[in-house]
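First up is the structure itself, then whatever we jot down about it.
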Amino acid sequence: MSDPFNTLLLVDDEPNILSALRRVFRKEGYEVVTAQSAADGFARLEERPIGVVVSDHRMPEMTGVQFLKEVRRRWPQTVRAILSGYAEPESIVSAVNEAGIAKFLTKPWGDDDLRGTVKECFAAYRLGAESYRLSRDLAERNNDLATLNLRLESAVRELKEKQEEIELAVTAMTETLASLQETADPFFRGHAEKVRDLSRAMARALDLPAEDRWTIETAALLMDLGSVGIDPALRRSQRVLSEDDKAQIRRHPEIGAGVLSLIPRFAGVARIVRHHHEHYDGSGYPEGTAGEAIPIGSRILALADAYHAMASDRPHRPRRPHDEILKALRDQRGRQFDPTLTDVLVSVVSPLTPALSPCGREGESNG
């Protein structure tokens, strides 16, 4: 197959002119194709890819401008040049405007000028071919990108739908577990929601990420889930508890965390629940973890739980005044509670106080 980067078509109705033109390019290394009419020229173009066409202007069937105009329409990448014995300005303008002529040559020609002109035409053809290739590749890549974007949009929609389904399932699961927690001990009713509200306010004051806030709020709702495994009579007992009784009650963070850890989405929730009875000075349970080694969510829950427990009426004592509660919490700064978080609670608790109390719950606030 012909190489269009090296194939030259010469069109002239006079055989001796064609012979002279062929001799000019004999040593230039081109594949030279000739045609003696416009129709013959079209036939040559249909047979093989051709990079450059040089046509005579005055031909009997149609003028060179008319011929090259049709070449432009059918083979737009082919570079076109016209050879004429007449150099009228209107002919030049017509050739450029109508046929997109790259070069206008006059007869008689100079061989070196003609060779140089054709060489420039092939350079223009190579440039145009490369530009076309790049445009085509860009169009293909744009199409691929558009297809990829459509697939990505579809995947995002599906992921969003699945995420919404997962969130609904998680919400339903949380509500079910919270209901189970309240069923085990009616005194829990309402307490978890109040602790959640206060924990949420503290998390927002700390500007924690949304995912962390969700984890803390969910842990607040489920922090006493482990009490399902504790004898309700023991939790409601007003007698002095033995060490064995206290040990049983203190198992509830581990029991609750064990249940929640079975649910992948609740891994972070389980960790907070497990440690929400740890003390800042390391005297808490179940592991005696201290300071900032205690998850921040657990430290927040410890404060919110203690505050609302003291702000609630109990069978064995009435709720405590707000100022007295704050003093009790401050007294435990650096011991039971994180000092910084204690200050955060104090800063947010006043506007929340009406919404947080009262609520009855049996048992001590810290187990």
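Just so it is clear, the values below take in all heavy atoms, side chains as well, and ignore hydrogens, waters and symmetry mates. Keep in mind that this is a model prediction, so the values were computed, not measured.
Remark: I255 CD1 to L260 CG distance equals 12.0 Å, nearest 0.5 Å. Taking CZ of R250 as the reference point, atom NE2 of H277 lies at 9.5 Å (rounded to 0.5 Å). Going from atom CD1 of I216 over to atom NE2 of H276 covers 13.5 Å, rounded to the nearest 0.5 Å. Rounding to the nearest 0.5 Å gives a distance of 11.5 Å between OG of S298 and CG of D305. Here the CG-OG1 distance, from L345 to T340, works out to 13.0 Å after rounding to the nearest 0.5 Å. One finds the CG atom of D40 at 10.0 Å from the CG atom of L45 (value rounded to the nearest 0.5 Å).
Pairing each heavy atom of R44 with each of V33, the nearest pair is CD-CG1, 3.5 Å. Closest approach of S84 and D56 over heavy atoms only: CA-OD1, 4.5 Å. Considering all non-hydrogen atoms of both residues, A304 and L198 come closest at CA-CD2, 3.7 Å. In terms of heavy-atom proximity, L10 sits nearest to L18 at O-CD2, 3.6 Å. Taking both residues in full, the closest heavy atoms of A219 and V273 are given as O-CG2, 3.9 Å, listed atom of the first, atom of the second, then distance. Considering all non-hydrogen atoms of both residues, V269 and T215 come closest at N-CG2, 3.5 Å.
With hydrogens and angles ignored, the 3.5 Å screen pairs no side-chain donor or acceptor of R265 with any backbone N or O of I263. Judged by distance alone, the side chain of T78 and the main-chain N or O of I50 form a donor-acceptor pair under 3.5 Å. No side-chain donor-acceptor contact under 3.5 Å links R299 to the backbone of Y280. Using modelled atom types, one side-chain atom of R213 and one backbone atom of L208 make a donor-acceptor pair closer than 3.5 Å. Judged purely by atom type and a 3.5 angstrom limit, S261 uses its side chain to pair as donor or acceptor with the backbone of G258. In this structure a side-chain-to-backbone donor-acceptor pair under 3.5 Å is missing from E217 to R200. Under a 3.5 Å cut-off, the side chain of E324 and the backbone N or O of P321 do not form any donor-acceptor pair.
Counting heavy atoms from C-beta outward, L21 and V54 have side chains that stay 4.5 Å or more apart. Using a 4.5 Å heavy-atom threshold, the side chains of V346 and L329 count as separate. Residues M59 and V11 meet the side-chain proximity criterion, which asks for heavy atoms closer than 4.5 Å. By the 4.5 Å heavy-atom criterion applied to side chains, E46 and R74 are counted as neighbours. For the pair I300 and V344, the minimum side-chain heavy-atom distance is 4.5 Å or more. Looking at heavy atoms from C-beta onward, S55 lies out of side-chain contact with R80 at the 4.5 angstrom threshold. The shortest distance between side-chain heavy atoms of D343 and R333 falls below 4.5 Å. Contact of the E278 side chain with the P286 side chain is registered, since non-hydrogen atoms from C-beta on lie closer than 4.5 Å.
A tilted orientation is assigned to the rings of H191 and H308, their planes being inclined by 30° to 60°.
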Exercise for review: Begin with the C-alpha distance, continue with both residues' side-chain angles, and end with the deciding distance and a verdict on salt bridge (Lys or Arg N to Asp or Glu O under 4.0 Å) for D197 and K194.
Suggested key: CA-CA 5 Å; D197 293 344; K194 301 296 184 181; 5.5 Å; no

**Study point:** Test log, rule salt bridge (Lys or Arg N to Asp or Glu O under 4.0 Å), inputs E28 and K119
**Key:** CA-CA 9 Å; E28 298 303 307; K119 185 177 180 180; over 6 Å; no

Check your understanding: Checking salt bridge (Lys or Arg N to Asp or Glu O under 4.0 Å) for the pair E130/R133: CA distance, chi angles, key distance, verdict?
Key -> CA-CA 5 Å; E130 179 65 12; R133 183 189 68 78; 2.5 Å; yes

Practice item. Could you walk me through whether R22 and Y30 pass side-chain contact (heavy atoms from CB on, under 4.5 Å), step by step? Key: CA-CA 10 Å; R22 287 183 68 92; Y30 299 128; over 6 Å; no

Point to revise | Verdict with supporting geometry, D212 and I296, side-chain contact (heavy atoms from CB on, under 4.5 Å) | key: CA-CA 10 Å; D212 290 352; I296 188 170; over 6 Å; no

Exercise for review: Could you please spell out the steps behind the side-chain contact (heavy atoms from CB on, under 4.5 Å) verdict for V195 and Y307?
Suggested key: CA-CA 8 Å; V195 173; Y307 175 88; over 6 Å; no

**Study point:** Residue pair I272, T218: steps toward the side-chain contact (heavy atoms from CB on, under 4.5 Å) verdict
**Key:** CA-CA 10 Å; I272 293 175; T218 304; over 6 Å; no

**Study point:** Worked verdict on R141 versus D137 for salt bridge (Lys or Arg N to Asp or Glu O under 4.0 Å)
**Key:** CA-CA 6 Å; R141 291 178 183 179; D137 290 350; 5.3 Å; no

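M202 and I294 fall into different hydrophobic clusters, where Ile, Leu, Val, Met, Phe, Trp and Tyr side chains are chained together by heavy-atom contacts under 4.5 Å.
With respect to E287 and R274, a salt bridge is recorded, a charged nitrogen being found less than 4.0 Å from a carboxylate O. Contact check on E193 versus R196 returns no salt bridge, with no Lys/Arg side-chain nitrogen under 4.0 Å from an Asp/Glu carboxylate oxygen. Using a cut-off of 4.0 Å between Lys/Arg side-chain N and Asp/Glu carboxylate O, E70 and R73 are scored as salt-bridged.
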Considering only distance and modelled atom types, tabulate donor-acceptor pairs under 3.5 Å from the side chains of residues 120-129, sequence neighbours left out.
from : atom 1 : to   : atom 2 : distance (Å)
E120 : OE1    : K103 : NZ     : 2.8

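Crowding of R271 atom CZ: a count of heavy atoms from other residues, nucleotides or ligands under 6.0 Å not exceeding 12.
Side-chain atoms of W109 and D111 form a donor-acceptor pair, as typed in the model, at a separation below 3.5 Å.
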